[in-house]
Amino acid sequence: MYQDYKNVELVKPAGLDLKDRLVGVQRVTKVTKGGRAFGFSAIVIVGDENGVVGQGLGKSKEVSEAIAKAVEDAKKNLVRIPLDRGTIPHEQKGKYGGARVFLKPASEGTGVIAGGAVRAVLEAVGVHNVLSKSQGSSNPHNVVKATFDALLQLRSPQTIAKQRGVSLDKVFNG
């Protein structure tokens, strides 16, 4: 799922205090020759509120079972996101399908200025101060994946310095 990103560090769930957030539950229908078969699809965000987050999708005939499957799926897709004093290191845009998400670091005391699915992901990561804008599709699946796209493109100053082969001072002072 994350093979397109260079800096992604996959994380094992053992030893982490993970909290899950339900982003959405949809009732889905399969039309068969015997009528309609109803089921549920759930999307869940799991995070330790300290830079580790994952998202998962679960489907079942029962809501609780779909949520449980989504949580298990999310725990298999955990990644580490670089944070900088409760916010993100730099501005970043993400997109997935018709959804577009823009994230911008904010000063202390700003809070999480985000709505819906973007807020759920950012709070699960552990971001406390950020400005965001979601455009295009409001489909929770696509918005979550667009937010992940933006978060997975983030690079810490240390990573940037290492990639450029220069000191941290050189990164900030040009």
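In what follows, residues are counted from 1 in the order of the sequence shown.
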Residue pairs, two or more places apart or on separate chains, that pass salt bridge (Lys or Arg N to Asp or Glu O under 4.0 Å) and touch residues 31-40: none
Where at least one partner belongs to residues 62-71, residue pairs that pass side chain to side chain donor-acceptor pair (under 3.5 Å), sequence neighbours excluded: Ser60-Glu65
Pairs touching residues 126-143 that satisfy salt bridge (Lys or Arg N to Asp or Glu O under 4.0 Å), sequence neighbours left out: none
Spatial distance of atom CG (Leu22) from atom CD1 (Ile45) [nearest 0.5 Å]: 10.0 Å
Residues in side-chain contact (heavy atoms from CB on, under 4.5 Å) contact with Val28, at least two apart in sequence or another chain: Ser41
Straight-line distance of Leu122 CG to Glu49 CD, nearest 0.5 Å: 12.0 Å
Under the side-chain contact (heavy atoms from CB on, under 4.5 Å) test, residues paired with Lys30 that sit two or more places apart: Thr32, Ala37
side-chain contact (heavy atoms from CB on, under 4.5 Å) partners of Lys162, counting only residues at least two apart: none
Pairwise distance NZ(Lys59) to CZ(Phe40) - rounded to 0.5 angstrom: 14.0 Å
For Leu18, the option from Val71, Val53, Leu78 that meets side chain to side chain contact (heavy atoms under 4.5 Å, CB included): Leu78
Distance-minimising heavy-atom pair for Pro89 and Pro82: CD-O, 3.4 Å
Within one Ile-Leu-Val-Met-Phe-Trp-Tyr cluster: Val143 and Leu131, side-chain cutoff 4.5 Å: no
Spatial distance of atom CG (Asn50) from atom CD1 (Ile81) [nearest 0.5 Å]: 12.5 Å
Remaining members of hydrophobic cluster (4.5 Å side-chain criterion), Tyr96: none
Straight-line distance of Leu83 CG to Leu151 CG, nearest 0.5 Å: 8.5 Å
Close side-chain approach of Ile43 to Gln55, heavy-atom, < 4.5 Å: yes
Partner residues of Arg85 under the side-chain contact (heavy atoms from CB on, under 4.5 Å) criterion, sequence neighbours left out: none
Partner set under side chain to side chain donor-acceptor pair (under 3.5 Å) for Gln26, not counting sequence neighbours: His141
Quiz: residues 100-121 side-chain donor-acceptor pairs under 3.5 angstrom, not counting sequence neighbours:
residue	atom	partner	partner atom	Å
Arg100	NH1	Gly97	O	3.2
Thr110	OG1	Ser107	O	2.7
Arg119	NE	Ala114	O	3.0
Arg119	NH1	Glu123	OE2	3.0
Arg119	NH2	Val112	O	2.7
Arg119	NH2	Ala114	O	3.4

Any side-chain heavy-atom pair of Lys19 and Asp17 under 4.5 Å: yes
Asp149 backbone acceptor or donor facing Gln153 side chain under 3.5 Å: yes
Reported CD-to-CG distance for the pair Gln92 and Leu152, which is rounded to 0.5 angstrom: 10.0 Å
Asn142 versus Ser137, closest heavy-atom pair with distance: ND2-OG, 4.1 Å
